[in-house]
> 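Before I ask anything, let me first share the structure, which is written out below as structure tokens.
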Amino acid sequence: MSAPNLKANTGNAAPPNPKPSNFIRDIIVRDLEAKKFGDAQVQTRFPPEPNGYLHIGHCKAICLDFQLADEFGGKTNLRFDDTNPEKEEQEYVDSIMADVRWLGFEWEGLHYASDYFDQLHAWAVKLIEAGKAYVDDLTADEIRQHRGTLTEPGKNSPYRDRSVAENLDLFERMRQGEFPNGAKVLRAKIDMAAPNINLRDPVMYRILHAEHHRTGAKWCIYPMYDYAHGQSDSLERVTHSMCTLEFTDHQPIYRWYIEQLGIFPSQQIEFDRLNLTYTLLSKRKLRQLVQEKRVAGWDDPRMPTISGIRRRGYTPEAMRNFVAAVGVSRTNGSTDFAMLEHFVREDLNKRAHRAMAVLKPLKLVIDNYPEGQVEEMEAVNNPEDPGAGVRKVPFARELFIDQDDFKEEPPKGYFRLSPGREVRLRFAYFVTATSVVKNAAGEVVEVHATYDPATRGGNNPPDGRKVKGTIHWVCARHAVEAELRLYDKLFTKPDPNDVPEGQEFTANLNAQSLEVATTAKLEPSLASAKPGDRYQFERVGYFCADPDSKPGKLVFNRTVALKDSWAKQEKRGGAK
RNA sequence: UGGGCGGUCGACUAAUGGUAGGUCAAGUGCCUUUGACGCACUUUGUCCAGGUUCGAAUCCUGGCCGCCCAGCCA
């Protein structure tokens with residue numbers, strides 16, 4: 001008899017692996033088993049350039065860098081890739097640190113590529129001495145022409161064979177500031193005929209007479225990304241250096257410098273960028289939206305920046321869950337925006353306290369309710385969390401309900417309020433609409449109704465009567481006013497870059513991405529909401545008090561609407 | 001076109017030569033003091049063609065399609 005196989009033994013009780021494998025984790029496991037880095041612990045780094053705000057795409061990189069290291073007992077550094085003083089600013093450094101922390105991560109070391117400028121310079125001298133680098137006097141234009149094309153090899157620069165002594169002298173004079181911007185560059189001597197264009201004598205240093213946000217005027221030559229990144233990783237003894245796919249072609253240079261210098265062999269691993277439908281994740285284009293004032297700023301709640309989604313009311317937990325669900329691979333696709341919204345709702349559903357808010361108020365008068373009487377109805381704060389407790393909500397004869405919750409002529413399948421129809425007022429009473437009052441334009445401005453005292457609290461009456469619809473309400477006399485900012489997708493197309501020839505992505509901006517409800521009525525418990533407080537306005541959506549919000553002048557951002565199967569059904573064409 | 005990297009339900013992603021599975025979306029029903037949440041069920045997939053193998057999403061060959069690279073940006 002043959003040995004029973006593993007599958008038969010585990011039966012069907014085996015739980016699914018809670019951490020599905022991904023190819024990077026596999027590489028790390030393999031490297032650890034092979035002791036590729038000796039006994040070194042896993043070390044990663046998150047290396048943003050401080051030239052803009054972090055966005056949702058960076059969430060993926062951040063989670064990968066921090067979680068993967070943590071999973072193996074390793075550490076993660078935050079390193080600013082600040083090799084281009086013309087684009088980088090302290091403002092961005094500050095926002096990036098705040099965003100990483102908001103996402104829930106704390107770095108081990110805080111570094112800057114600029115910390116390594118001295119070392120990088122010394123290594124450049126070493127490469128010159130070894131005949132592996134040279135100073136080139138060609139202009140940027142000439143360098144481009146010498147580089148060749150995708151199909152033709154490049155040509156050597158006439159300066160490629162300068163003596164070591166001359167290169168050393170020239171490079172030193174570049175550093176001293178003897179030459180203007182663009183006059184000379186230091187290039188690695190690799191291979192002008194390489195099929196990989198990145199290997200055709202890449203530029204290592206350029207002359208930039210510019211103040212650096214950290215090193216000030218100390219330098220007028222600055223290293224290029226390719227010359228700085230791998231060595232920075234190496235200096236920090238980074239074992240697994242994750243970056244996005246477009247750097248795959250740069251990996252040979254990354255390795256070339258490390259090998260020539262004989263330093264710690266950090267390993268670059270590329271993964272796919274996060275793309276989201278209806279969303280732009282390009283720093284350049286996001287900056288353009290800010291500069292052209294298409295949005296209110298980097299933290300406009302419609303922006304996919306971390307500061308934008310924070311203000312919008314998204315939670316770090318939701319973002320982490322989303323990123324985990326999206327996974328990581330080497331394919332380039334686009335994740336459905338609905339996936340993001342799902343994880344935002346999932347998290348908020350568990351933690352947001354409920355409240356009642358009426359967006360478009362319609363007065364409801366309960367004719368048989370005693371004038372002047374006020375009752376305190378008990379409402380549960382969160383049905384998903386019994387510990388969240390209850391609160392009192394005042395109820396009286398005159399209320400506001402949402403215009404969408406009353407229809408004089410109800411379509412098929414509609415089970416909210418309409419003449420002769422009975423519904424439940426959440427946590428209050430059953431009411432039956434009896435008549436309407438209209439304005440000169442023929443619009444319903446007031447609905448009259450009667451209530452059933454036997455349904456107090458919203459409970460079914462003893463006679464066993466039931467209603468299909470439950471609607472929310474706010475007591476007219478106790479309501480507090482608020483401004484509700486209703487956000488929608490910033491772009492009208494799944495791919496915002498999909499524009500007719502000659503047009504810009506801005507042509508796809510959604511003109512209805514922000515709608516403001518200025519006359520919203522809220523239950524009084526919301527009067528004390530503080531900026532950042534999150535709520536579910538029942539049957540409407542999740543909202544977050546904006547930093548603009550003040551006592552007496554409340555402002556809420558709609559984080560995400562609740563799913564609405566009635567709206568879906570209506571859109572499909574009525575009754576099912 | 002030279003080089004590089006990829007193609008698994010509509011989307012994202014597992015299966016590492018041995019039952020193509022999960023999440024989102026979509027649909028149906030149940031539940032319901034949120035048309036929410038939850039629960040159950042359902043639809044849909046290995047780019048194509050050959051080959052190796054008892055057995056191929058996986059290995060091989062040849063196609064096809066997509067993305068990236070010609071910054072003194074990162």
Side-chain angles (χ1 to χ4, degrees), chain A residues 5 7 16-17 20-23 26 47-49 51 81 83-84 86-87 136 138-140 143-145 147-154 181-187 194-200 203-208 222 224-226 228-229 243 245-252 270 272 274 277 283-284 324-343 345-346 349-350 354 356 379-380 383-384 413-416 424-428 455 457-460 467-472 494 536-541 562-569 576:
Chain A
N5 72 37
K7 285 209 161 91
N17 185 346
S21 78
N22 72 50
F23 78 99
D26 293 346
E49 182 189 12
N51 70 340
D81 230 328
T83 55
N84 185 353
E86 293 180 328
K87 292 185 174 172
D136 196 348
L138 255 28
T139 64
I143 286 181
R144 188 178 325 116
Q145 281 156 16
R147 188 154 29 225
T149 67
L150 293 179
T151 51
E152 305 159 58
N181 286 1
K184 288 176 166 45
V185 292
L186 181 72
R187 300 177 73 176
N196 178 348
I197 292 181
N198 296 290
L199 257 18
R200 320 243 258 230
V203 172
M204 294 164 62
Y205 272 92
R206 74 284 215 192
I207 299 171
L208 243 33
Y222 291 93
M224 297 287 291
Y225 165 85
D226 281 318
H229 200 89
C243 65
L245 250 23
E246 68 271 24
F247 291 100
T248 306
D249 288 345
H250 294 244
Q251 196 179 138
E270 311 88 11
D272 59 341
L274 174 69
T277 56
K283 270 195 218 174
R284 204 204 95 226
V326 166
V328 58
S329 70
R330 290 178 66 92
T331 62
N332 23 41
S334 197
T335 298
D336 199 333
F337 193 79
M339 177 97 87
L340 209 209
E341 294 197 316
H342 165 78
F343 285 98
R345 290 192 188 101
E346 181 189 63
N349 177 50
K350 284 183 292 194
R354 315 283 125 125
M356 291 195 285
V380 306
E384 307 289 328
Y414 184 85
F415 47 79
R416 276 108 100 151
R424 169 169 30 238
L425 293 177
R426 173 135 243 232
F427 303 125
T455 58
N459 292 307
N460 289 331
V467 288
K468 191 87 173 122
T470 297
I471 67 176
H472 60 281
Q536 182 200 100
F537 291 168
E538 294 214 22
R539 305 207 309 130
V540 179
L562 246 34
K563 283 213 265 182
D564 187 346
S565 62
W566 166 244
K568 195 187 283 184
Q569 186 181 326
K576 357 184 224 182

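Source: prediction; values computed, not measured. Labels below follow one simple rule: chain letters A, B, ... track the order of the sequence lines, proteins then strands, and each chain is numbered from 1.
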> Would you kindly give the CG-to-C1' distance between A:Leu274 and B:rU13, to the nearest whole Å?
13 Å
> If every non-hydrogen atom of A:Arg416 is compared with every non-hydrogen atom of A:Trp566, which pair is closest and at what distance?
NH1-CD1, 3.3 Å
> Whole-Å distance between B:rG35 C1' and A:Phe415 CZ?
5 Å
> One character per nucleotide, please: for nucleotides 69-74 of chain B, 5' to 3', B when the base has a protein heavy atom closer than 4.0 Å, S when only the sugar-phosphate does, - otherwise.
BBSBSB
> Can you figure out which of B:rA14, B:rC24, B:rG2 approaches the side chain of A:Met339 most closely?
B:rC24
> Would B:rG71 be called syn or anti here, given the cut-off of 90° from 0?
syn
> Is any side-chain nitrogen or oxygen of A:Arg426 closer than 4.0 Å to OP1 or OP2 of B:rU33?
no
> Can any side-chain N or O of A:Asp136 pair as donor or acceptor with the backbone N or O of A:Val185 at less than 3.5 Å?
no
> Taking the C1' atom of each, how far is B:rU13 from B:rU32, in whole Å?
33 Å
> May I ask you to decide whether A:Glu538 forms a salt bridge with A:Arg426, counting only side-chain N to carboxylate O separations under 4.0 Å?
yes
> Separation of A:Asp26 atom CG from B:rA15 atom C1', in whole Å?
12 Å
> Say we look at B:rA15 and B:rU19: how far apart would their P atoms be, to the nearest angstrom?
13 Å
> Would you give the length of the straight line joining atom OG1 of A:Thr335 to atom CG of A:Leu274, rounded to the nearest 0.5 angstrom?
5.5 Å
> On the nucleotide B:rC12, are OP1 or OP2 found under 4.0 Å from the side-chain N or O atoms that A:Ser334 carries?
no
> Rounded to the nearest angstrom, tell me the gap between atom CZ in A:Arg416 and atom P in B:rU34.
13 Å
> Could you measure between the two C1' atoms, the one in B:rC24 and the one in B:rA14, and give it in whole Å?
15 Å
> Using every non-hydrogen atom in the two residues, find where A:Ser21 and A:Asp26 come nearest and quote the distance to one decimal.
CB-OD1, 3.8 Å
> Looking at A:His472, I'd like to know whether one of its side-chain N or O atoms comes within less than 4.0 Å of OP1 or OP2 on B:rU34.
no
> Record whether the side chain of A:Ser21 comes under 3.5 Å of the base of B:rU16 through a donor-acceptor pair of N or O atoms.
yes
> Check whether any side-chain heavy atom of A:Arg539 sits under 4.5 Å from a side-chain heavy atom of A:Arg354, and report yes or no.
no
> Once you round it to whole Å, what is the distance between P of B:rC37 and CZ of A:Phe537?
19 Å
> Drop me the distance from A:Gln251's CD to A:Glu270's CD, to the nearest 0.5 angstrom.
5.0 Å
> Please tabulate the protein-to-nucleotide N/O contacts below 3.5 Å involving nucleotides 45-48 of chain B, giving atom names and distances.
none

> For A:Gly182, does its backbone N or O pair with a side-chain atom of A:Arg206 as donor and acceptor, under 3.5 Å?
no
> Tell me the closest heavy-atom pair linking A:Arg330 and A:Leu245, and the distance in Å.
O-CD2, 3.6 Å
> Check the distance between B:rC68's C1' and A:Asp272's CG and give it to me in whole angstrom.
13 Å
> Mapping A:Asn332 and A:Val467 to their closest nucleotides on RNA chain B, which lands nearer the 5' end?
A:Val467
> Is the closest side-chain heavy-atom distance between A:His250 and A:His229 below 4.5 Å?
no
> Search all heavy atoms of A:Ser334 against all heavy atoms of A:Thr277 and return the closest pair with its distance.
OG-N, 3.6 Å
> I want to verify a distance call: between B:rG35, B:rC12, B:rC37, whose nearest atom is closest to the A:Thr470 side chain?
B:rG35
> Measuring from atom CG of A:Asp336 to atom CE of A:Met339, what distance do you get when rounded to the nearest 0.5 angstrom?
7.5 Å
> Can you tell me how far P in B:rU46 sits from the matching atom in B:rC9, rounded to whole Å?
7 Å
> Check whether any side-chain nitrogen or oxygen of A:Lys350 sits under 4.0 Å from OP1 or OP2 of B:rC37, and answer yes or no.
no
> B:rA36 phosphate, OP1 or OP2: any side-chain N/O from A:Arg345 under 4.0 angstrom?
no
> Once you round it to whole Å, what is the distance between P of B:rA26 and CD of A:Glu341?
11 Å
> Want to settle it: does A:Phe23 or A:Arg424 sit nearer the 5' end of RNA chain B, counting the closest nucleotide to each?
A:Phe23
> I'd like the P distance from B:rC67 over to B:rC73, given in whole Å.
27 Å
> If we take the C1' atom in both B:rA25 and B:rU61, what is their distance in whole Å?
38 Å
> Keeping A:Asn196 on the side-chain end and A:Asp249 on the backbone end, is there a donor-acceptor pair under 3.5 Å?
yes
> When the P atoms of B:rU52 and B:rU16 are considered, how many whole Å apart are they?
24 Å
> What is the distance, rounded to the nearest whole Å, between atom CZ of A:Arg354 and atom C1' of B:rA36?
8 Å
> Identify which nucleotide among B:rA36, B:rU13, B:rC12 has an atom closest to any side-chain atom of A:Leu562, counting heavy atoms from C-beta outward.
B:rA36
> Determine the interplanar angle of the A:Tyr225 and A:Phe247 rings, folded into 0 to 90°, and report it as parallel if under 30°, tilted if 30 to 60°, perpendicular if over 60°.
tilted
> Base, sugar-phosphate or nothing for A:Gln536? Non-hydrogen atoms, less than 4.0 Å.
base
> Pick base, sugar-phosphate or nothing for A:Phe337, based on heavy-atom distances below 4.0 Å to the nucleic acid.
nothing
> Where does RNA chain B pair, written as one dot-bracket string 5' to 3', with Watson-Crick or G-U pairs under 3.5 Å, ( ) inside the strand, [ ] for crossing pairs and | for another strand?
.((((((..((((....[..)))).(((((.......)))))....(((((..]....))))))))))).....
> Suppose you measure atom C1' in B:rG6 against the same atom in B:rU58; what distance do you get, rounded to whole Å?
16 Å
> A:Lys563 side chain N/O closer than 4.0 Å to the phosphate oxygens (OP1, OP2) of B:rC37?
yes
